[in-house]
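FYI, side chains are in, hydrogens and waters are out, and symmetry mates aren't considered; it's all heavy atoms of this structure. Naming: A, B, ... by sequence-line order, numbering from 1 per chain. Source: prediction; values computed, not measured.
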2 protein chains.
Amino acid sequence: MTMSPARPGVRAQSAPDGGLPVAPTRARWRPLGLADVTIEEGFWAERQALNAAAMIPHVDSWLERLGWTGNFDAAAAGRLPEGRRGREFSDSEIYKLLEGMAWEIGRTGDPALEARLGEIVRRVSAAQESDGYLNTMFGRPGQRSRYADLEWGHELYCYGHLIQAAVARARTVGLDDELVRVAVRAADHVCATFGPDGDQRVCGHPEIEVALAELYRVTGERRYLDQARAFVERRGHGVLGEIDFGPQYFQDHIPVREATVLDGHAVRALYLAAGAVDVAIETGDDDLLEAVRRQTLRTLARRTYLTGGMGAHHEGESFGADFELPPDRSYSETCAGIASVMLNHRLVMQTADARHADAVERTLYNIVATSPAADGRGFYYTNVLQQRVEGQLPSQTEPSARAQSAARPPFFAVSCCPTNLTRTFASLGAYLATHDDAGVQLHQYAPATIRAGVTAGDVELRVATRYPHDGRVEVSVTRPAPGPWTLTMRVPSWAVGATVTAEGRTRAVEPGYIEAPGPQAVGDVVVLDLPVAPRFTWADPRVDAVRGQVAVERGPVVHALESTDLGADVATARVRTDVAPSDDDGVVRVRVATAQTDDADWPYSRAPREPQAGDERLVPLVPYHSWAERGPSTMRIWMPVTDR
Amino acid sequence: MTMSPARPGVRAQSAPDGGLPVAPTRARWRPLGLADVTIEEGFWAERQALNAAAMIPHVDSWLERLGWTGNFDAAAAGRLPEGRRGREFSDSEIYKLLEGMAWEIGRTGDPALEARLGEIVRRVSAAQESDGYLNTMFGRPGQRSRYADLEWGHELYCYGHLIQAAVARARTVGLDDELVRVAVRAADHVCATFGPDGDQRVCGHPEIEVALAELYRVTGERRYLDQARAFVERRGHGVLGEIDFGPQYFQDHIPVREATVLDGHAVRALYLAAGAVDVAIETGDDDLLEAVRRQTLRTLARRTYLTGGMGAHHEGESFGADFELPPDRSYSETCAGIASVMLNHRLVMQTADARHADAVERTLYNIVATSPAADGRGFYYTNVLQQRVEGQLPSQTEPSARAQSAARPPFFAVSCCPTNLTRTFASLGAYLATHDDAGVQLHQYAPATIRAGVTAGDVELRVATRYPHDGRVEVSVTRPAPGPWTLTMRVPSWAVGATVTAEGRTRAVEPGYIEAPGPQAVGDVVVLDLPVAPRFTWADPRVDAVRGQVAVERGPVVHALESTDLGADVATARVRTDVAPSDDDGVVRVRVATAQTDDADWPYSRAPREPQAGDERLVPLVPYHSWAERGPSTMRIWMPVTDR
């Protein structure tokens, strides 16, 4: 891979610039932000509306109710430590919610939300100490001292989310903002404390790396980049203390540039990788970028679930070994999905490699869309691919122990995922498209308006589609460019048999990025046709846990069998793979035989115990992202087949 | 099931009585202890010798070196809490070692070991407080107060092991012993503190239940039984605080008599079940006994690995759901295996149900024998059925984080398993045989001398066998009984085609217990022939994780494929099941094709990806209990088959 040099035309990052969630100063393909991309309707617009109407207020009210927001008031009023509520990292939840609010304000300009954000920022600001230190868990009489527990204390992790929230403000309303000032003071404190002459350790939870690199992009202050780079480079040298989970848990087992695959705690690994990409880009460190690129590709090839989910172990919330991907014990944390989207979005801009945008799509539809309940008031923390036992409806009044997967609880004792979703949904538009001098690239398909500057001039596109329900994507111009330009579109890896129609000619296209002349005049249309017909999907034979089983996908959407539809425990299902899945206006059905296995005293025997075949019939599947919406059920994505 | 009444002939338990590890005062089949059963040579005799020569001294030296034994000296000298070493439950390791030493002294009378035990007991005794309280972790200035943390503090758990060690002394040297006096003082303190008018909670880790019931049997003091019963009955009513793992972790989720299957933390569940059996027997509570019996049978039918191992989750060290038995992520703790042996041994004496003795055999050969290294100086804490990545040789100088499975470390930060093994090997003889008025029952086969009293008089048997290498078991008398008696022998569930020859007649016998006339004269022989030829074994189709895979067993011994023998990663192996495993004087070979799977960008595809078949040849398997003895390897018990 060769790196493209910084290009003219990248926007200066010192003023509101269109709401870019990530803004590399050099990229093969440059980002387009919330001001340039508007999702108009359909799958993702509905979820953005739900985020605004339900998720953000719901999360805000729980943070108040549990007293985690109130921790800042208690700090300002000198009522700590007695008055503190929540775990050591609870400050970060308020910051992630602030980031979600900031993007949402950038997207819609909602004045009530602006007022609410301002109120919370004032409470946060009041708790900041004169030297910039800001954390409600440490440093006061009766609390442990600052940075006494970098392994578990999460202080730098919390700053990371504070800074990311401030970056969202800087990119939507500008640098003259109280949240930006709070974050800059905190960042300056971090640089003073952990700089070349200071504490040479790192945080047990990566996150500040990506945040400081972005703060550098926003402010132009080189010391933030230097500090981010230092935090990246220090890892892997055993700078943190020993813990039962081992140093890979907090990404201190191997230097980032020496690793060959992502390992250890999934969210920590992915946040760190995203930060390393940003550091690599800004410092021109092609070796580091290439290292992270290879790690990511190997992780996609060997350590990723069909859903895009990452993290195979509950213990340590970590990646498993290559091909160790148990569906029932998948951890596949929602936050790991979000972090994978962050990482792969960064990499597609640098590499123009469709595998990264494929990963973004798969993860958005099957992890990010799966976590929230249809009403926006419940969330999955983990995203299992197989539910063996019907869960119980969660308490609506108490936060859940975090890793319950049977139903979507309203909040968690460790509640990183709901707040992380608010910022992801509010900034989702940025993942749809990028631009370069030659034209515009479409990565994700949704009904949207997209504005971009290319060499030929400014252009405004309209994308019309019912995707993913339907695979037809129509691209037209609402404001033509003065000259010719290139429209680049991603053909997903699953889209065998896709065609593109431009200037009256239809041609077959292969998965990957394909190019067509950009529509020149209003009325011109380029049509991409992606065959979303449901299909059977098989796993690599090295994935032992799903041997002899098959999954069903329709377009980018993984489907699942629920006991609600089968009328029996899904453990009894056997799928006929000689009968193609049917598709009735998006409702996918497969031919399923139910099979009862008699109980035995001992579950092992001298010959295979064949279950007794029962009825065979067409059974509907549900999109995985909507499973368990009709009450407790057993569920499986991977279904045993009749003939193996 | 009906309960047999207490029978005449059960030994009084107030004096040394032949070294019974468990001594129910009523039983269908009554136990025989170390004084009655001597293992002469062969598989288990070698391990008992290794325990005496290596394991006990090795464990003793590590406990001294880590300072865990020294904690008692520090307590006596007033040097706590500063001088304390190890985790909150480290006292229990010294007690388990004392129990191991006590049985070993009972078995061999080793005077040097007796001196060493006396020395340790004096140090323990010196740390006991005047009211009987004894724990080096709590209760002193600068430490948390007594019983401030019953959820995690393990104080009552530690007493449990102290009392079990004292019971071992009482049953080998008698009640006039310092360790017995220490334990009685501690037990009296427990009864005073947690009795009807005291603290109504329980310990986060069951163990004291089984210990107090046995102390009652030894001393006849009813209050110990009442306290044991109270601790059993209090569970399941939410008496302990909330923890992330949920109340099933410390067996507080459901009353024992209401549970239908063992759940939660495996060792905790199994210790509690063993204690509940003892309480049920001594109080005549048939409902409680029947509840535990049903839970155990369902656990064997649905939640037990082929090895007899229990515990499918690393997180919470817990049972999984029914049929959730991943081989690579099996936890299958050594201590859970030991606890399962304790529980099933108790149940076979009460029920005469061969399924329990089958479980004991399977667990002894494949968990208890697997944990220790061939030199007795390394141990598995977990016993995985599949090792995906070659491990590294463990440090010989530092204790290991506990759940490393690739190799056998010399000791652990949480080191319950090595000490637990010392007591199990030293008392192993007791699992071989029982007796009743009519005769003698043989449950496990080893070259041994067995003495028992039956109605016809005393009889001394000799068992001659090379089991499990060979399936021929010859039973003769070295001291005939004055009259006829019945010899009962277990035919293991796997022993299809077994025969018994008695009084010159050979007959086919089915799995289960079979009866023959006891040999009457010196020179008479009863011969049991168990076909140990290697066989393929298949799992219930509901065990998703091993679908399309097969295991190989020979007699009671589970076998495994190691990369050391395959010359390649075992992930590449495909076994031909149309070619029976060969047996060359105990060396088992199967026909294996190696198959390479090409890497892909994404491990899921529209059609099954068939690996490229490579060479096919006969490859030796190793007994699972001796895997990883030749250096790091990948290993699997369940092997994919070529034809599915």
Side-chain angles (χ1 to χ4, degrees), chain A residues 242 244-246 297 300-302 304 306 313-315 320-329 355 358 386 388-389 401-403 413 493-494 496 535-549 551 571 595 597 599-611 638 640 644, chain B residues 242 244-246 297 300-302 304 306 313-315 320-329 355 358 386 388-389 401-403 413 493-494 496 535-549 551 571 595 597 599-611 638 640 644:
Chain A
E242 288 188 20
D244 276 359
F245 290 138
L297 289 178
L300 289 172
R302 295 179 169 223
T304 303
L306 182 63
H313 293 180
H314 282 240
E315 192 189 52
D322 289 350
F323 303 110
E324 188 191 315
L325 294 161
D328 44 3
R329 290 295 288 171
R355 288 176 288 186
D358 284 349
Q386 179 177 359
R388 291 183 174 273
V389 181
R402 59 187 174 179
S493 64
W494 50 262
V496 175
R535 62 194 185 275
F536 287 120
T537 299
W538 302 83
D540 188 293
R542 290 169 290 186
V543 185
D544 290 304
V546 298
R547 190 181 310 282
Q549 301 180 55
T597 305
D599 275 3
D601 290 346
W602 180 241
Y604 310 100
S605 53
R606 282 176 178 258
R609 299 185 62 213
E610 300 298 346
W638 292 102
R644 292 179 66 98
Chain B
E242 287 188 19
D244 277 0
F245 291 138
L297 290 177
L300 289 172
R302 297 180 168 221
T304 303
L306 183 62
H313 293 180
H314 281 240
E315 191 189 54
D322 289 351
F323 304 108
E324 188 190 316
L325 294 162
D328 45 3
R329 291 295 287 170
R355 289 176 288 187
D358 283 350
Q386 179 177 0
R388 291 183 173 275
V389 182
R402 58 186 174 180
S493 65
W494 50 262
V496 176
R535 62 194 186 275
F536 288 121
T537 299
W538 302 83
D540 187 295
R542 291 168 290 188
V543 184
D544 289 305
V546 297
R547 191 180 308 282
Q549 301 179 53
T597 306
D599 275 4
D601 290 347
W602 180 242
Y604 309 100
S605 54
R606 281 174 179 260
R609 299 186 60 215
E610 299 298 345
W638 292 103
R644 291 177 72 96

### Query
Heavy atoms, side chains only, cut-off 4.5 Å: are B/His314 and B/Arg329 in contact?
yes
### Query
Is chain B contacted by the side chain of A/Arg609, its backbone, both, or neither, given a heavy-atom distance below 4.5 Å?
both
### Query
With chain A, which of B/Leu325, B/Asp358, B/Val543, B/Val496 has the greatest number of heavy-atom pairs at distances under 4.5 Å?
B/Val496
### Message
Could you walk me through whether B/Arg388 and A/Glu324 satisfy the side chain to side chain contact (heavy atoms under 4.5 Å, CB included) test, starting with their C-alpha distance in whole Å, then the side-chain angles of each, then the deciding distance to 0.1 Å, before giving a yes or no?
### Response
CA-CA 8 Å; B/Arg388 291 183 173 275; A/Glu324 188 191 315; 3.5 Å; yes
### Task
Would you mind checking which part of A/Val546 comes under 4.5 Å of any heavy atom in chain B, side chain (CB onward), backbone (N, CA, C, O), both or neither?
neither
#### Entry: Portion of B/Ala600 that has a non-hydrogen atom of chain A nearer than 4.5 angstrom
backbone
#### Entry: Under 4.5 Å from a heavy atom of chain A, the part of B/Glu242 involved
neither
### Query
With only heavy atoms counted, which part of A/Asp599 is less than 4.5 Å from chain B, the side chain, the backbone, both or neither?
both
### Task
Indicate the atoms forming the closest heavy-atom contact of B/Arg547 with A/Pro640, along with that distance.
NH2-CG, 3.4 Å
## Note on the structure
Heaviest contributor of heavy-atom pairs below 4.5 Å to chain A, chosen from B/Gly320, B/Ala571, B/Ala607, B/Ala321, is B/Ala607
### Task
Examine distances only and state if a side-chain atom of B/Arg355 and a backbone atom of B/Ser493 form a donor-acceptor pair shorter than 3.5 Å.
no
### Message
Would you say that B/Pro541 contacts A/Pro611 through its side chain, given a criterion of any heavy-atom pair below 4.5 Å between the two side chains?
### Response
yes
### Message
If I measure from the heavy atoms of chain A, does B/Asp328 come under 4.5 Å with its side chain, its backbone, both, or neither?
### Response
side chain
#### Entry: Side chain, backbone, both or neither of B/Asp322 within contact of chain A (heavy atoms, under 4.5 Å)
backbone
## Note on the structure
Scored by heavy-atom pairs under 4.5 Å with chain A, the best of B/Thr537, B/Leu306, B/Val389, B/Leu300 is B/Leu306
### Task
Considering only heavy atoms and a distance below 4.5 Å, find which of A/Gln549, A/Gln386, A/His313 pairs most often with chain B.
A/His313
## Note on the structure
Residues B/Thr304 and A/Pro603: closest non-hydrogen pair is O-CG, 4.4 Å
### Message
Under a 4.5 Å cutoff for heavy-atom pairs, which residue among A/Trp638, A/Trp494, A/Tyr604 has the most contacts with chain B?
### Response
A/Tyr604
### Toward chain B, the part of A/Ala545 with a non-hydrogen atom under 4.5 Å
backbone
### Query
Side chain, backbone, both or neither: which part of A/Arg535 has a heavy atom under 4.5 Å from chain B?
side chain
